[in-house]
Undergrad: 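Please read through the structure below; I'll follow up with questions.
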There are 2 protein chains.
Amino acid sequence: MHTVSTYSPDAAISARSASLGRSDASLRAAPQRAFAKGTEVFGEGEPSTFFYKVVSGTVRTVKLLSDGRRQIDGFYMPGDWFGLENGQSHRVTAEAVDQVLVIPYRRGDLGSLLKADPALIEALVESTLVNLDRAHEHMMLLGRKTALERMASFLMELAARMDVRDRLRLPMQRSDIADHLGLTIETVSRTVMQMVRAGLIKLDDSGRTVILADRKGLELLGA
Amino acid sequence: MHTVSTYSPDAAISARSASLGRSDASLRAAPQRAFAKGTEVFGEGEPSTFFYKVVSGTVRTVKLLSDGRRQIDGFYMPGDWFGLENGQSHRVTAEAVDQVLVIPYRRGDLGSLLKADPALIEALVESTLVNLDRAHEHMMLLGRKTALERMASFLMELAARMDVRDRLRLPMQRSDIADHLGLTIETVSRTVMQMVRAGLIKLDDSGRTVILADRKGLELLGA
DNA sequence: CGCATTCTTGACCCAACTCAATATAAGTGG
DNA sequence: CCACTTATATTGAGTTGGGTCAAGAATGCG
């Protein structure tokens, strides 16, 4: 069970859906669906009948190589959309990182989507462009940053997205962080410990709660 | 000047704009603009007044770190759109890899774009989703593939996008490939030579024309 | 033809990986 | 609530793929 954290999913939702104009009900397939930790929301190759908006919890999108190497393209948190992709089938797998609540939307084809609800579309296009922006930023991280810089960037981005000042509860485990940052769990662990020793962060209980002790230093490392 | 290659920009354009329905003229800012090799189409931080469609040539989008480390997010070729981003300013720099011809489109805000030309929007949304797909695929490459696998993936993707069977003229130099694949020029060079020795590819003239001698082998490496 | 780019090759190095062992936390059933 | 089990995280020792530094070799432009 999670301890109570400073992060409030509900606050994040209302903040993010402000631009939506409350017209999104028309395409909803169901009020919401729950997924237990570790379960699959949809799988790579499955027909992309739905896309989703996160209500609470964290979703990861995963790609696998034939030999098991794994890349986590992104994490999706309350207010984020995921699963809207080009083509008839999903190109990634989406899994619940912890207990997750999502709202499914029926995709149909893009053309009819456009006619059905222009206000929703505007929000969706914006969300897709935000996702693309994050992807570009992440390519810089994966292609050109050191382990320490990757970890700093990751923590700062997470803090910004969760809208927390300095107490950050990580929903995902080290292996997820590793597969997101293009590192191994050992390197993630060593890098986190190195940050603790350098006074950049502090760790709580099981290492899942991070206190950003030196935001300026982290910012400098990440950029 | 380029030698005549098997790649036909015009064929690519007509193939890709089939879904567009020829209604895109309404938002065009100008018939077309030319950019010389190495020049900037737009810079990071500049207001994103326009986005573009490539007519001929190749465009790269670039991100820089303060110390000069460079990441090339993507290459854009005839028929591809680039420069449509979230927010008021460009988050990447776009440069001409060779002699380039583009059509600029006035962005305005997304809402009015939506009303102005639904057919264009549909094509644009699709193009953005394609770009996102490529970004996800590229993250797997950057996060988890070896130098040899990266090079194989890169060549196969380029061949597919240029719609060539096995003679591929690379528009970009080694340093561009390196900064796209998260490697150094030396490693790119060594990897290419290794592929030649292994009989996977053959090199022509200056090393800019690649013959895919063993597509099956390359495919196996890339996937 | 000559100069500047671009590309290749070699020798050496190091950041991150692999393999291996604990250590710590989180369940789970009695 | 506690013993037992399993999952997750940390730490250490040794290795390596790709980086760095430094020459050369092509290529091609003016």
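In this text the structure is predicted, and so the values were computed from the model without any measurement. All chains are named by letter (A, B, ...) in the order of the sequence lines, taking the proteins before the strands, and each is independently numbered beginning at 1.
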Undergrad: Specify the separation, in whole Å, of atom NZ of Lys145(A) and atom P of dG19(D).
TA: 18 Å
Undergrad: Between the side chain of Glu149(A) and the main-chain N/O of Thr146(A), is any donor-acceptor distance below 3.5 Å?
TA: yes
Undergrad: Would you tell me if any nitrogen or oxygen in the side chain of Arg208(B) comes within less than 4.0 Å of OP1 or OP2 on dT6(C)?
TA: no
Undergrad: Where the side chain of Ala147(A) is concerned, which of dT8(C), dA16(C), dT10(D) is the nearest nucleotide?
TA: dA16(C)
Undergrad: Can you tell whether the side chains of Glu95(A) and Arg60(A) come within less than 4.0 Å, N to carboxylate O?
TA: yes
Undergrad: With nearest nucleotides of DNA chain D determined for Val188(A) and Arg144(A) from heavy-atom distances, which residue corresponds to the more 5′ nucleotide?
TA: Val188(A)
Undergrad: Taking atom types as modelled and ignoring hydrogens, do the side chains of Thr209(B) and Arg169(B) form a donor-acceptor contact shorter than 3.5 angstrom?
TA: yes
Undergrad: Answer with base, sugar-phosphate or nothing: what part of the nucleic acid does Leu183(B) contact at a heavy-atom distance below 4.0 Å?
TA: sugar-phosphate
Undergrad: Expressed in angstrom and rounded to an integer, what is the separation of Met195(B) atom CE from dT8(C) atom C1'?
TA: 16 Å
Undergrad: For Gln173(B) and dT8(C), what is the distance between atoms CD and P respectively, to the nearest whole Å?
TA: 12 Å
Undergrad: From dC7(C), dT10(D), dA9(D), pick the nucleotide closest to the side chain of Arg174(B)?
TA: dC7(C)
Undergrad: May I have the step-by-step check of side chain to side chain contact (heavy atoms under 4.5 Å, CB included) for Arg91(B) and Glu137(A), ending in yes or no?
TA: CA-CA 9 Å; Arg91(B) 307 283 302 266; Glu137(A) 202 59 56; 4.1 Å; yes
Undergrad: Expressed as a whole number of angstroms, how long is the span from Met193(A):CE to dA23(C):C1'?
TA: 12 Å
Undergrad: Could you walk me through whether His90(B) and Glu46(B) pass the side-chain hydrogen bond (donor to acceptor under 3.5 Å, both in side chains) check?
TA: CA-CA 6 Å; His90(B) 287 295; Glu46(B) 283 179 16; 6.0 Å; no
Undergrad: Evaluate side-chain hydrogen bond (donor to acceptor under 3.5 Å, both in side chains) for Ser189(A) paired with Arg174(A), printing each intermediate quantity in order.
TA: CA-CA 7 Å; Ser189(A) 185; Arg174(A) 297 291 187 265; 5.3 Å; no
Undergrad: Taking atom P of dG27(C) as reference, at what distance in whole Å does atom CG of Asp98(A) sit?
TA: 12 Å
Undergrad: Under 4.0 Å between a side-chain nitrogen and a carboxylate oxygen: does that hold for Asp179(B) and Arg69(B)?
TA: no
Undergrad: Rounded to the nearest angstrom, tell me the gap between atom CD1 in Ile185(B) and atom P in dA26(D).
TA: 18 Å
Undergrad: If you look at every strand shown and take non-hydrogen atoms under 4.0 Å, does Ser206(A) touch a base, only sugar-phosphate, or nothing?
TA: sugar-phosphate
Undergrad: Return the polar atom pairs (N/O with N/O) between nucleotides 20-22 of chain D and the protein under 3.5 Å, or none.
TA:
residue	atom	partner	partner atom	Å
dT20(D)	O4	Arg190(B)	NH2	2.9
dC21(D)	N4	Glu186(B)	OE2	3.0

Undergrad: Check the distance between dT8(D)'s P and Leu170(A)'s CG and give it to me in whole angstrom.
TA: 15 Å
Undergrad: Rounded to the nearest Å, what distance is computed from the CZ atom of residue Arg69(B) to the C1' atom of nucleotide dG19(D)?
TA: 13 Å
Undergrad: Categorize Gly182(B) for me: base, sugar-phosphate, or nothing, with a 4.0 angstrom heavy-atom threshold over every strand shown.
TA: sugar-phosphate
Undergrad: Could you please name the option among dG18(D), dT10(D), dT8(C) that lies closest to any side-chain atom of Thr146(B)?
TA: dG18(D)
